Amino acid sequence: HPLLPAPTRLRTWSGPGGTCGDGEGAGGVPHPIPSLRPPAAGTMEIVYVYVKKRSEFGKQCNFSDRQAELNIDIAPNPELAKQFVERNPVDTGIQCSVSMSEHEANTERFEMETRGVNHIEGGWPKDVNPLELEQTIRFRKKVEKDENYINTITQLGSIMEHCIKQNNAIDIYEEYFNDEEAVEVMEEAPSAKTINVFRDPQEIKRAATHLSWHPDGNRKLAVAYSCLDFQRAPVGMSNDSYIWDLENPNKPELALKPSSPLVTLEYNPKDSHVLLGGCYNGQIACWDTRKGSLVADLSTLEFSHRDPVYGTIWLQSKTGTECFSASTDGQVMWWDIRKISEPTEVVIMDITRKEQLENALGAISLEFEPTLPTKFMVGTEQGIVISCNRKAKTPAEKIVCTFSGHHGPIYALQRNPFYPKNFLTVGDWTARIWSEDSRESSIMWTKYHMAYLTDAAWSPVRPAVFFTTKMDGTLDIWDFVFKQCDPALSLKVCDEALFCLRVQDNGCLIACGSQLGTTTLLEVSSGLSTLQRNEKNTASSMFERETRREKILEVRHREMRLKEKGRAEGRDEEQRDEELATDLEALVSKAEDEFFDIIYAELKKQEADAIKLKPTPQQPSSEEGQVVQEAEEATGERGGDEEEEDLA
Amino acid sequence: MAEVEETLKRIQSHKGVIGTVVVNAEGIPIRTTLDNSTTVQYAGLLHQLTMKAKSTVRDIDPQNDLTFLRIRSKKHEIMVAPDKEYLLIVIQNPCE
């Protein structure tokens, strides 16, 4: 065979095994040199070289058939198998479908504005000027003379009359079977959905500390923004609070610009243009939305509160200009906004009734019910609710009574709109319902939650439903005719803490404000916002039952306290107690003692007789048996009594 | 001429009728018992609505045609009787 020319064309294939094709040049059989060259890295490189003479380049190809030749055969290395573990069976998923991909896209928020359109007349022919009265009248008269017009109108008139008469004859949309509505039972699970979110447009986020619904129609929401961390308000934080229109969450409708951030904000229920705000520096400010964003009136610094104003409420008065405010400096002040430079009245929340400001309790929530105009209640930082009477003669008498039971500041206080004798408070980790009659403890309470409760409100349409917000951003809806231990519905509204909550008058919409200034508007399901059958009776009977239970416990506690006092003083008291038929325990122990004395006496007698007469052991033992049984019964009874007392 | 007057007067005198407007094909109110701005609004809007309703009916079935249009709202009922050239609009409060 021909000489081997110098290798001019080299083709290399790397990889295990594999046949390599080769092309033949005429006159030269390529000499394949398969070799296994393991390079330094450890991969196998199989090289197949074939050569062609330079002088034979460009010559025509002559193909010939050839048997396949095995060039490289790499036997499997059983040693490698030891590095693997056999898996049997093998689970593989197979899908026989078109592979698709999922992609989400969110459009960018775009700004919307609502504008009205003005209609003007049009369609007039060119020669008629619509503003000229004469011309239009002339045109109209011309049309009216047209025969076509006359015929048309007569014809249309008769059709129209038929329909008008139909309308007058029968109301096709009238409600039939009105009574049947009561049978409808709401079986749907309680639910709520977020309708809208209003974000604080400011860069530096502040907490939304108070919300107030517009009194007419509830289409607007006033939100007060401030930073309640003591002296930690970031520099450059804006003082503005906003009024939002529910239709437009992008931009607030009006900004209110006070000199100090607002902690509370309330619409005047009588005049929907007037708002009252309580400032962080203790002043009271009021706005008129017709006049603009700047403060219309501001109280003077010297006569205002010394601490942030945590509660402001409008009062029912003929003029509709009276309001009152409370702050943690321990004072409750009454104002007339026509003369807001100084308060009309000041009451100090000193429960020792000495009017000392040093002893005063800081007020952190305020409650006023228009149906009980002389009474108001104050929730304090120390966890005590103070009920006051505005019309008392002396300042000391203004404080009527206190309710204590919370371990922390009472952030919310509201009377039940259907049963004003019962009120709801929120403080520490529980929500409690109180009755005015029971002063020592609340009549109903929730369990201790994991997060602090910040605000609560009754539903204005259902007496048994109330809402609470927590520091972990959840909103709980409680319905205690449905379930007493847990909320009927618990929603995580946002990740940060929720600070305030307000229910709209129809009971459907709830607004809650968070620590980052985000106000969320939620709509509850109709089951939670329509009065259920018999609900009023059920709720009132529940309140009454719990009040009665608390009263009984109160009486029992009082008794036990008296008894403790008595025991400390000595036996005479005990004697007196024994004489009182109500003291069961002493009676029982006395009876026991007497009983055992009798038994011992009997036994002794029996023994004496036994020694004398040697009687059968049955008689005394049967008597003893009886005696022992009776003794056991007595102890059993006593044990039972003790148990009862423990429970009480 | 007198028939038209009589017809319109009769319609207006029915119980619950608030107003009557006659509009021509261009949307110009010819006769009206309401004030000008309201008339202009009703004329413009109902004209367009009637055209739309008519085209809808005819799209579904070309042999069909709109004979009457009634819009019942919370406060009252608007009745429109269309014709090739004119439109008769009556606003009635059917509540008892």
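Quick caveat, the model's predicted, so the values are computed rather than measured. Every chain is numbered from 1 and lettered A, B, ... according to where its sequence line falls, protein lines coming before strand lines. Values reported hereafter were calculated over all heavy atoms of this structure, with side chains retained and with hydrogens, waters and symmetry mates removed.
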- Using a cut-off of under 4.5 Å on heavy-atom pairs, state which of A/Q155, A/E161, A/E147 scores highest against chain B.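 The candidate making the most pairs under 4.5 Å is A/E161.
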- Segment of A/Y149 engaging chain B (4.5 angstrom heavy-atom cut-off):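 Backbone plus side chain of A/Y149, per the 4.5 Å heavy-atom cut-off to chain B.
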- Query: For A/K141, is it the side chain, the backbone, both, or neither that has a heavy atom closer than 4.5 Å to a heavy atom of chain B?
  - Reply: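 The answer is neither part of A/K141.
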- Message: A quick test of your reading: do over 12 heavy atoms of other residues, nucleotides or ligands sit less than 6.0 Å from NZ of B/K52?
- Response: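 No, because the 6.0 Å sphere around NZ of B/K52 holds 12 heavy atoms or fewer from other groups.
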- Message: Could you measure the distance from the CG atom of B/N24 to the CZ atom of A/R140? Nearest 0.5 Å is fine.
- Response: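 That separation rounds to 9.5 Å.
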- Qualifying residue for side chain to side chain contact (heavy atoms under 4.5 Å, CB included) with B/V80, from B/L66, B/V90, B/L46: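 Among B/L66, B/V90, B/L46, the one meeting side chain to side chain contact (heavy atoms under 4.5 Å, CB included) with B/V80 is B/L46.
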- Task: Anything under 30° is parallel, anything over 60° is perpendicular, the rest tilted; go ahead and classify A/F198 against A/W244.
- Result: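 A/F198 vs A/W244 ring planes: tilted.
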